[in-house]
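What follows is a set of notes on a single structure, which appears directly below.
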Amino acid sequence: MSTLVVVSHPHLAHSRAHRRLLAAIAGLPDVAIRHLEALYPDSRIDAAAEQAAALAASRIVFQFPLYWFSTPPMLKAWQDEVYAVGFAYGPGGTRLRGKSVQLVLTAGGAQEKYRQGGHNRYEIVDLLRPLETAAHFVGMTMPPPLVLFHVPNVEGIPVPADVDARIEAFARRYRDLLAAPAAVAAGAHA
Ligand SMILES: Cc1cc2nc3c(=O)[nH]c(=O)nc-3n(C[C@H](O)[C@H](O)[C@H](O)COP(=O)(O)O)c2cc1C
């Protein structure tokens, strides 16, 4: 079983969390990693190349920092290009059916801010519904997301004292998740 990790992070060189997550999964067997902003500095996605990478995988992972309660723009563009009519939906569009999509994301805000009626108004799973709905639309399944909260990396926002330890623990869980078969992989919050 092979896994495709689609990474979208516009500022990976300044990342605290995602650089460590990528280091944790580097070298895992049957795991291909594609960092969209590095592959496409002009933001023009090669749809055929991305579709071929998706076809080769039984599990797709979207790894990204939460940006304005959504994905960075290149991950949205990836869906726009890869979930194409005749490939992913519509007449003959069955090529992604049966695959799974695992979301692995980080958020600056603490988990308690992500609840119904709370500071950020909704639970994280509610904010992720468009990704889940699109995956379902093209015949893919989506297990619960793996989310690391409270890892702000924005100048002027205080960094929690335990951030490094929590990133390390999350990175180990991420590595374990990708080392396990998709069928038994279960999501969790951190
Ligand atoms: C443009 C931008 C938008 C962001 N939007 C959110 C947001 O909506 N919710 C949130 O919790 N954190 C938000 N953050 C914080 C990032 O999610 C956080 O800095 C990132 O997950 C940390 O990972 P990194 O160290 O790999 O960059 C935002 C950060 C930036 C730069």
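Both ligands and their constituent atoms are indexed starting at 1 by order of listing. Any value given below was found using the heavy atoms of this structure, including those in side chains, with hydrogens, waters and symmetry copies removed.
- Under a hydrophobic clustering in which Ile, Leu, Val, Met, Phe, Trp and Tyr are joined whenever their side-chain heavy atoms come within less than 4.5 Å, directly or via other members, Tyr67 and Leu148 fall into different clusters.
- Ion pairing of Lys76 with Asp80 is present here, as a side-chain N (NZ or NE/NH1/NH2) and a carboxylate O approach within less than 4.0 Å.
- Using modelled atom types, one side-chain atom of Arg59 and one backbone atom of Leu178 make a donor-acceptor pair closer than 3.5 Å.
- Counting only residues at least two apart or on different chains, the ring-ring contact (aromatic ring centres under 6.0 Å, His included) pairs with a member in residues 119-146 are Tyr89-Phe137.
- Sorted by first then second residue, the salt bridge (charged side-chain N to carboxylate O under 4.0 Å, His left out) pairs that include residues 124-141, not counting sequence neighbours, are Asp126-Arg129, Arg129-Glu132.
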N/O contact list for ligand 1, threshold under 3.5 Å:
residue, atom, partner, partner atom, Å
ligand 1, 5 (N), Leu66, O, 3.4
ligand 1, 5 (N), Trp68, N, 2.8
ligand 1, 8 (O), Trp68, N, 3.1
ligand 1, 8 (O), Phe69, N, 2.8
ligand 1, 9 (N), Tyr114, OH, 2.9
ligand 1, 11 (O), Gly108, N, 3.1
ligand 1, 11 (O), Gly109, N, 2.9
ligand 1, 11 (O), Tyr114, OH, 2.5
ligand 1, 12 (N), Gly108, N, 3.0
ligand 1, 14 (N), Leu66, O, 3.3
ligand 1, 17 (O), Leu66, O, 2.8
ligand 1, 19 (O), Asn153, N, 2.9
ligand 1, 21 (O), Thr106, O, 3.4
ligand 1, 21 (O), Thr106, OG1, 2.6
ligand 1, 25 (O), Arg16, N, 2.7
ligand 1, 25 (O), Ala17, N, 3.0
ligand 1, 25 (O), Asn153, ND2, 2.9
ligand 1, 26 (O), His9, NE2, 3.2
ligand 1, 26 (O), Ser15, OG, 2.6
ligand 1, 26 (O), Ala17, N, 3.4
ligand 1, 26 (O), His18, N, 2.9
ligand 1, 27 (O), His9, NE2, 2.8
ligand 1, 27 (O), Asn153, ND2, 3.4

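- For residues 14-36, every residue pair satisfying the ring-ring contact (aromatic ring centres under 6.0 Å, His included) rule, not counting sequence neighbours, is listed here: His9-His18.
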